[in-house]
Amino acid sequence: HNLAKSATAQRLFAPTRQGLHVWTSEGWCGQERNLACYFLAPTNHTFEILDITGSARQLDPEGEGAHAGIDGIAHDFAPTHVAARGAFWLHAQSLHFLWQLNQRTQGYLDTVRRQMGEANRAFVFPFRQATIGMHIRRGDSFMAARWMPGLDQFLVPARRMQHLYGVTHIFLSTDCAETAQQCHELQDFTCATLPLERSVYDVGASHAPEYNPKESAYDQWIERRIQLGEVDGSLAALHAIAEVDTLASC
């Protein structure tokens, strides 16, 4: 969303040094703590939005007002002329601009996907059958007084899709090892996850109610835990990149 805001305001987009140091580590990136750890330099000359025909439409900074989404959430930003498409659509355009994985990152993705396919031949990548992409976050958000729907809630629309389209495969992206195990044990779906170490994200979600009504007195956001040295920043970033890229293939 910050890239889209910068393009709208005709300003340069530069990630903060603090953010780069959170999501990179010397073990993976060495001394070059920047986006080049994971991505190639964008080859696009400008940030562009693609219309329904695939034609490029550059953001016009003149007269473009900011559009705040539900409850004024900062992430739900879109210029007024594309606000009807929604912030999620605009985020996809931003990611399309940035998402050019370098050779090392692509090698990591190839490895974890190959391991997933070896564990379950129905999920050899690229997927050969219709697959529901599902993301369930139950790790650090446990501490944020958020509603935390579990697998059962997500299976309601998944079963509607199964009824309508006959789809029986789920690729699950999650930071919760217990949720991953529950998905693997389903009888009416074949479920797979990438072989990631999810225990590093556990802050008690498996013992939490579906809705935690009180704000936590302490900070357990993943960024904070990386800063405390509890989680490796590059490991978390590679996990996220692998899961987002694989979800995009469903």
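Keep in mind that this is a model prediction, so the values were computed, not measured.
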Decide if atom CD of Gln129 counts as having more than 12 heavy atoms of other residues, nucleotides or ligands within a radius under 6.0 Å. yes

Check the hydrophobic clustering (I, L, V, M, F, W, Y; side-chain heavy atoms under 4.5 Å; chains of links allowed) and say if Leu247 and Val124 are grouped together. no

Ring center gap for Phe125 and Phe127 short of 6.0 angstrom: yes

Non-hydrogen side-chain atoms of Trp28 and Leu235 separated by less than 4.5 Å: no

Flag yes if Leu238 and Phe171 sit in one hydrophobic cluster, no otherwise; membership is Ile, Leu, Val, Met, Phe, Trp, Tyr, and two members link when side-chain heavy atoms are under 4.5 Å apart. yes

Taking the side chain as C-beta and beyond, is there a heavy-atom pair between Phe154 and Leu172 under 4.5 Å? no

Over all heavy atoms of both residues, which pair between Val231 and Ala236 is shortest? Give the atoms and the distance, please. CG1-CB, 4.3 Å

Backbone N or O of Leu20 within a donor-acceptor pair of the Arg33 side chain at under 3.5 Å? no

Output the distance between atom OH (Tyr108) and atom OG (Ser234), rounded to the nearest 0.5 Å. 10.5 Å

Can you tell me if Asp175 uses its side chain to pair, donor with acceptor, with the backbone of Arg138 under 3.5 Å? yes

Any non-hydrogen side-chain atom of Cys176 less than 4.5 Å from a side-chain atom of Arg198? no

Pairs involving residues 161-173, ordered by first then second residue, that meet side-chain hydrogen bond (donor to acceptor under 3.5 Å, both in side chains) (sequence neighbours left out): Ser173-Glu243

With a 4.5 Å cut-off on side-chain heavy atoms, are Thr174 and Tyr201 touching? no

Within one Ile-Leu-Val-Met-Phe-Trp-Tyr cluster: Phe123 and Met161, side-chain cutoff 4.5 Å: no

If we ignore angles and hydrogens, is there a donor and acceptor under 3.5 Å between the side chains of Arg113 and Thr246? yes

Testing Arg160, Arg159, Gln153 one by one against Val156 for a side-chain contact (heavy atoms from CB on, under 4.5 Å), which residue passes? Arg160

Does one hydrophobic cluster hold both Phe189 and Leu164, with members joined at side-chain heavy-atom distances below 4.5 Å? yes

Looking only at heavy atoms, which two atoms of Thr24 and Tyr38 are closest? And how far apart? CA-OH, 3.5 Å

Measuring from atom CG of Leu151 to atom SG of Cys191, what distance do you get when rounded to the nearest 0.5 angstrom? 7.5 Å

Between Trp99 and Val244, what is the shortest heavy-atom contact and its length? CH2-CG1, 3.9 Å

Distance from Ile136 atom CD1 to Thr193 atom OG1, nearest 0.5 Å? 11.0 Å

Apply side-chain contact (heavy atoms from CB on, under 4.5 Å) to Gln115 and Val112, showing your working. CA-CA 5 Å; Gln115 292 171 347; Val112 294; 4.3 Å; yes

Using 0.5 Å steps for rounding, measure from the CD atom of Gln106 to the CG atom of Asp245. 6.5 Å

Can you tell me how far the CD atom of Gln181 sits from the CG atom of Leu186, to the nearest 0.5 Å? 10.5 Å

Here the pair of heavy atoms bringing Glu197 nearest to His239 is O-CE1, 3.7 Å

In the structure I gave you, are the side-chain heavy atoms of Asp232 and Val200 within less than 4.5 Å of one another anywhere? no

Could you measure the distance from the CD atom of Gln100 to the OG1 atom of Thr105? Nearest 0.5 Å is fine. 12.5 Å

Would you check if Trp23 and Glu223 make a side-chain contact, meaning some heavy-atom pair closer than 4.5 Å? yes

Whether the side chain of Glu185 engages the backbone of Gln182 through a donor-acceptor N/O pair (distance < 3.5 Å, no angle test) should be reported. no

